[in-house]
Amino acid sequence: MKNYFVLLLGFLSFHYLHAQTLNTRIEFDMRDNFENEVVLPMGEAGLLVQSFGNDAEDGQIEFKSDFFSTDLKLITSTSLRVKNHVEFGANCTLDGVNYTLLRNNHDYFAIIKSIQSTGECTKIEGEYEHDASLDGMKVFDTKAIFHSVEGKTDKIVIIDLLTAKVTEVPFKFGGFKSKNIIIEDFQVFDNEILVFVNARSDRKTTDLYIARLNFKGEQEDFYVVTSNIPEKLIDVSATKLQSKYILTGTFSKTKSDMSQGMYFAEVSDRKLQYIKFYNFLDLKNFANYMGDRRKQRLERKKERKKDAGEELIMNYSIVPHDIIEVDSGYLFLGEAYFPTFNTYPCGGRLPQGGFMMCTQFAGYQYTHATLAFLNLKGDMQWDNTFELEPYRLPMVLMRLVTLKSDASNARIMYAVKDSIRYKIVDLASGIDKVKKSKHVETEYTKDKVKRTAIGIEPWYQQHFVAYGIQVISNSEVKRKRKVFFVNKISVE
């Protein structure tokens with residue numbers, strides 16, 4: 001079974017979360033004829049669980065959609081047939097309607113449209129080069145828009161949701177070669193597609209451009225946002241507020257694609273109004289996840305660099321979240337990680353002695369996450385860092401932390417083995433007001449959980465959904481049961 005959730009383990013001292021109550025739970029027997037369950041919160045409309053059938057017939061398999069109410073009561077189930085060997089791709093949910101992309105290795109794709117209010121599912125099927133990625137799915141009217149990378153070429157791909165027609169939009173900026181153009185992000189605003197592009201003019205200079213497309217795939221215009229700044233913007237996340245765009249992400253001061261800090265910028269009237277850079281090590285609480293001895297070594301290094309008139313930098317790769325606008329500013333959340341590799345003998349003995357060694361990717365090690373609050377001018381007000389320690393390393397990049405906020409608090413939730421960590425951060429001070437933990441409860445009182453893997457998603461209002469796989473034994477039942485579970489959890 002291919003898991004689309006996160007396994008986490010941590011050892012922080014938390015109190016049990018008494019304010020968190022288990023409302024209800026559902027279990028899917030892993031011995032049934034379906035696998036690869038994916039949980040898709042649909043807001044106050046309910047919950048959608050999608051899965052694949054195990055048995056293929058005439059080159060097709062069953063794709064099932066289970067529609068649940070907010071109290072996890074099954075409303076209806078709908079099944080469609082799709083080609084065999086497909087896997088889940090990107091998905092997008094808008095106003096109680098979900099669009100899920102399925103792909104296989106033979107250029108086939110299908111997009112499933114699921115309507116929560118009626119339990120209706122429809123599909124379109126088409127073909128697109130399987131070696132080209134389709135990520136970051138967004139839907140507007142009858143168009144699905146993706147970021148695609150094929151070889152060294154970045155492009156935007158538009159798929160018509162009525163006809164399955166595929167339109168590719170390769171970018172051309174002046175004399176830039178396609179290999180020197182990288183799409184960092186794209187957003188759909190006001191009947192147009194805005195694409196944020198890093199274009200490299202030479203080995204040392206990379207500038208950010210904004211290109212505007214229509215839904216026919218035609219490039220209307222483009223303009224440069226940054227010009228000859230020493231910092232390289234590694235990634236870009238954009239939010240439109242009235243007539244301006246707020247950009248945030250991470251940057252590097254070297255040629256490396258590792259990040260040394262975060263930036264915050266405003267663009268309006270086709271001009272960069274401001275951009276502010278923050279070295280990770282300048283954040284007051286960035287080293288909170290470190291042990292005392294490591295903190296002390298870091299402080300000594302900073303002092304030595306400062307005495308020499310230099311700035312100490314540390315390289316991180318960051319998975320950024322979309323910024324959240326609050327009354328007096330913006331929330332930024334980024335999760336730090338680094339790739340890990342295993343080395344093993346893979347050949348005969350070398351003439352100089354020893355053996356030929358090979359290196360294999362072993363997953364992404366997440367270390368910590370930083371929540372930061374910036375005012376409306378982009379000035380840093382506070383930062384709050386907490387440790388992440390995955391039990392098993394994800395093989396693909398993903399967001400491990402769930403963030404919700406209101407006018408006065410930020411609520412953070414993430415999984416730790418068979419528990420859920422939860423804390424409330426005061427927006428005025430950045431200080432933790434609540435920091436607690438809760439085990440995921442099972443269906444029967446005498447259940448004993450042998451293994452758990454948990455993923456968490458925000459659902460609606462103060463409700464979250466926790467889901468994953470559990471192996472459970474019970475003294476009143478002879479055999480262990482292995483289930484895919486879904487728990488609704490509410491936090492006051």
Side-chain angles (χ1 to χ4, degrees), residues 89-95 97-101 103 109 111 113 124 126 128-129 132-174 176-200 206-226 233-249 265-273 320-323 325:
N91 76 83
C92 176
T93 298
L94 291 172
D95 301 324
V97 180
N98 175 265
Y99 302 84
T100 295
L101 172 70
R103 302 185 73 187
F109 74 82
I111 296 178
K113 178 181 178 180
I124 61 166
Y128 186 65
E129 175 60 46
S133 62
L134 288 173
D135 299 311
M137 181 181 190
K138 295 178 177 64
V139 173
F140 183 83
D141 196 18
T142 60
K143 308 290 185 182
I145 306 99
F146 302 86
H147 172 207
S148 177
V149 180
E150 184 176 10
K152 295 183 178 181
T153 302
D154 280 49
K155 64 189 79 172
I156 292 293
V157 171
I158 302 172
I159 298 179
D160 191 301
L161 293 173
L162 300 178
T163 66
K165 178 184 177 182
V166 178
T167 301
E168 292 186 327
V169 188
F171 282 89
K172 296 180 180 179
F173 291 157
F176 291 115
K177 296 180 180 179
S178 59
K179 67 178 182 180
N180 293 329
I181 294 175
I182 300 176
I183 296 174
E184 300 292 355
D185 190 19
F186 75 93
Q187 301 288 343
V188 178
F189 299 120
D190 300 333
N191 299 321
E192 64 183 8
I193 304 169
L194 288 186
V195 186
F196 300 85
V197 178
N198 265 332
R200 187 173 72 246
T206 300
D207 289 314
L208 179 68
Y209 287 77
I210 294 179
R212 189 165 59 93
L213 311 178
N214 60 33
F215 286 95
K216 295 179 181 179
E218 300 166 338
Q219 186 172 305
E220 300 281 354
D221 57 16
F222 68 92
Y223 56 93
V224 65
V225 176
T226 62
L233 306 188
I234 302 298
D235 48 59
V236 180
S237 178
T239 301
K240 186 176 183 180
L241 304 173
Q242 291 83 47
S243 60
K244 63 184 179 182
Y245 301 96
I246 302 298
L247 311 182
T248 188
E266 179 184 317
V267 176
S268 60
D269 299 325
R270 298 169 63 95
K271 293 181 181 179
L272 180 66
Q273 301 302 320
H321 290 237
D322 295 335
I323 61 172
E325 183 186 14

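Counting all heavy atoms, side chain and backbone alike, G136 lies closest to F186 at O-CZ, 3.0 Å. Nearest approach of I183 to H147, heavy atoms of both residues: O-CE1, 3.4 Å. Of all heavy-atom pairs between D235 and P320, the closest is OD1-CG, 3.8 Å. Scanning all heavy atoms of the two residues, the minimum distance from V157 to S148 falls at CG2-CB, 3.6 Å. Taking every heavy atom of both residues into account, I124 and L161 meet most closely at CG2-O, 3.2 Å. Between S268 and S243 the shortest heavy-atom distance is CB-O, 4.1 Å.
Salt bridge absent: K179 and D154 never bring a charged side-chain N and a carboxylate O closer than 4.0 Å.
T163 contributes a side-chain N or O that, together with a main-chain N or O of K165, makes up a donor-acceptor pair within less than 3.5 Å. When atom types are taken as modelled, the side chain of D160 and the backbone of L162 share a donor-acceptor pair closer than 3.5 angstrom. Using modelled atom types, no side-chain atom of E266 and backbone atom of L247 make a donor-acceptor pair closer than 3.5 Å. Listed for the K138 side chain is no donor-acceptor partner under 3.5 Å among the backbone atoms of K143.
If you take CD1 on I181 and CG on N198, they are separated by 10.5 Å, rounding to the nearest 0.5 Å. Separation of atoms NZ (K152) and NZ (K177) is listed at 11.0 Å; rounding is to 0.5 Å. Rounding to the nearest 0.5 Å places OH of Y245 at 10.5 Å from CZ of R270. A distance of 11.0 Å separates CD1 in I193 from CD in E218, rounded to the nearest 0.5 Å. Taken from CD1 in I210 to OH in Y223, the straight-line distance is 3.5 Å, to the nearest 0.5 Å. Rounded to the nearest 0.5 Å, atoms NE2 (H321) and OG1 (T248) are 12.0 Å apart.
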Steps toward side chain to side chain contact (heavy atoms under 4.5 Å, CB included) verdict (I145, V188): CA-CA 9 Å; I145 306 99; V188 178; 4.1 Å; yes
Determine whether T226 and L272 satisfy the following criterion, side chain to side chain contact (heavy atoms under 4.5 Å, CB included), listing intermediate values before the conclusion. CA-CA 7 Å; T226 62; L272 180 66; 4.3 Å; yes
Which is it for V166 and F109 under the side chain to side chain contact (heavy atoms under 4.5 Å, CB included) test, yes or no, and what are the steps along the way? CA-CA 11 Å; V166 178; F109 74 82; 3.9 Å; yes
Report the C-alpha distance between L233 and T206 in whole Å, list the side-chain angles of each, state the deciding distance to 0.1 Å, and finish with yes or no for side chain to side chain contact (heavy atoms under 4.5 Å, CB included). CA-CA 8 Å; L233 306 188; T206 300; over 6 Å; no
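Using a 4.5 Å heavy-atom threshold, the side chains of I111 and I159 count as touching. Looking only at side-chain heavy atoms (C-beta outward), Y99 and L101 stay at 4.5 Å or farther from each other. Looking at heavy atoms from C-beta onward, F196 lies in side-chain contact with Q187 at the 4.5 angstrom threshold. Using a 4.5 Å heavy-atom threshold, the side chains of V225 and Y209 count as separate.
In this structure E150 satisfies the salt bridge (charged side-chain N to carboxylate O under 4.0 Å, His left out) test together with K155, sequence neighbours excluded.
N214 and E220 share a donor-acceptor pair across their side chains, judged by distance under 3.5 Å alone. Checked by atom type, the side-chain pair S237/D322 shows a donor-acceptor distance below 3.5 Å.
The 12-atom threshold is exceeded at CG of D221, counting heavy atoms of other residues, nucleotides or ligands nearer than 6.0 Å. Within a 6.0 Å radius of NZ in K113, no more than 12 heavy atoms belonging to other residues, nucleotides or ligands are found.
Ring centroids of F215 and F140 are separated by less than 6.0 Å, placing the two rings close together. No close placement of the Y128 and F146 rings is indicated, their centers lying 6.0 Å or farther apart.
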